[in-house]
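Quick note: residue numbers are just sequence positions, from 1. No hydrogens, no waters, no symmetry mates; every other heavy atom, side chains included, goes into these values. As the structure is a prediction and not an experimental result, all values here were calculated from the model.
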Amino acid sequence: QVQLVEAGGGLVQPGGSLRLSCTASGRTFGNVAMGWFRQAPGKEREFVAAISRSGGVTRYADSVKGRFTISRDNTKSTVYLQVNNLKPEDTAVYYCAGSPLLVIAVASTDYNYWGQGTQVTVSP
């Protein structure tokens, strides 16, 4: 089992930045591929970004490419999501998730472990 706790959300103006973090406990963090998803009110949860176990491979949703960066520090059992140039449509609850798969997964069904979420609100 892996327990995940997100932090770093908040209220930011359009064009602003935040750094989300997700700290894991339990199963060895380096054996888990990590991802970020988000869910806006009235919408389905969607994939945002994912990173391989070692951190050497990343993948992003087209809507966030060039603005968001996923990274991880296995020594701290933490995955990060740097979100820049935020837009109102980025407003959502952001969830980190862990997958036991050897490859990067973009489907939420491939993730076994989920955090409680952190709210990101982009508004003037």
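A cation-pi arrangement is present between R45 and Y95, with the terminal nitrogen or guanidinium carbon under 6.0 Å from the aromatic centre and inside a 45° cone about the axis. Both tests do not hold together for R72 against Y80: distance to the six-membered ring centre under 6.0 Å, angle to the ring axis within 45°.
The same ILVMFWY cluster, assembled from side-chain heavy atoms under 4.5 Å apart, contains both V32 and L4. Under the 4.5 Å side-chain heavy-atom criterion for Ile, Leu, Val, Met, Phe, Trp and Tyr, V93 and L86 are members of distinct hydrophobic clusters. I104 is not connected to I51 by any chain of hydrophobic side-chain contacts under 4.5 Å among Ile, Leu, Val, Met, Phe, Trp and Tyr, and they are in different clusters. The hydrophobic cluster containing V79 also contains Y113, counting ILVMFWY residues as joined when their side-chain heavy atoms lie under 4.5 angstrom apart, directly or transitively.
Taking 4.5 Å as the limit, some side-chain heavy atom of P100 sits within range of a side-chain heavy atom of N112. Within the 4.5 Å cutoff, no side-chain heavy atoms of F68 are placed close to those of N84. Side-chain contact check for P14 versus P124: some heavy-atom pair is nearer than 4.5 Å. Between S123 and L11, the closest side-chain pair of non-hydrogen atoms falls below 4.5 Å.
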Taking it one step at a time, do F29 and M34 satisfy side chain to side chain contact (heavy atoms under 4.5 Å, CB included)? CA-CA 9 Å; F29 185 69; M34 298 297 297; 3.8 Å; yes
I would like to know whether S63 and R38 meet side chain to side chain contact (heavy atoms under 4.5 Å, CB included); could you show each step before the answer? CA-CA 12 Å; S63 59; R38 65 186 182 186; 3.6 Å; yes
Give the C-alpha distance, both sets of side-chain angles, the deciding distance and a yes or no for side chain to side chain contact (heavy atoms under 4.5 Å, CB included) between V120 and L18. CA-CA 9 Å; V120 172; L18 288 171; 3.9 Å; yes
Run the numbers on Q82 and I70 for side chain to side chain contact (heavy atoms under 4.5 Å, CB included), then give the verdict. CA-CA 6 Å; Q82 178 68 41; I70 189 171; over 6 Å; no
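At least one donor-acceptor pair under 3.5 Å links the side chain of T118 to the backbone N or O of G9. One N or O on the side chain of S99 and one on the backbone of L101 form a donor-acceptor pair closer than 3.5 Å. The main-chain N or O of R53 is found under 3.5 Å from a side-chain atom of N74 such that the two form a donor-acceptor pair. Using modelled atom types, one side-chain atom of T78 and one backbone atom of K76 make a donor-acceptor pair closer than 3.5 Å.
Under a cut-off of 6.0 angstrom, the local environment of CZ in R59 is sparse, with at most 12 non-hydrogen atoms contributed by other residues, nucleotides or ligands.
In summary, D90 and K87 do not engage in a salt bridge, as defined by a charged side-chain N under 4.0 Å from a carboxylate O.
The two residues Q39 and K43 make their nearest non-hydrogen contact at NE2-O, 3.1 Å. Taking both residues in full, the closest heavy atoms of Y111 and A50 are given as OH-CB, 3.6 Å, listed atom of the first, atom of the second, then distance.
Across V48, V106, T69, a single residue satisfies side-chain contact (heavy atoms from CB on, under 4.5 Å) together with Y60, and that is T69.
Here the two rings, on F37 and F47, have centers that are under 6.0 Å apart.
Between C96 atom SG and E6 atom CD the span is 4.0 Å, to the nearest 0.5 Å.
Side-chain contact of T91 with E89: a donor-acceptor pair under 3.5 Å is absent, judged by distance alone.
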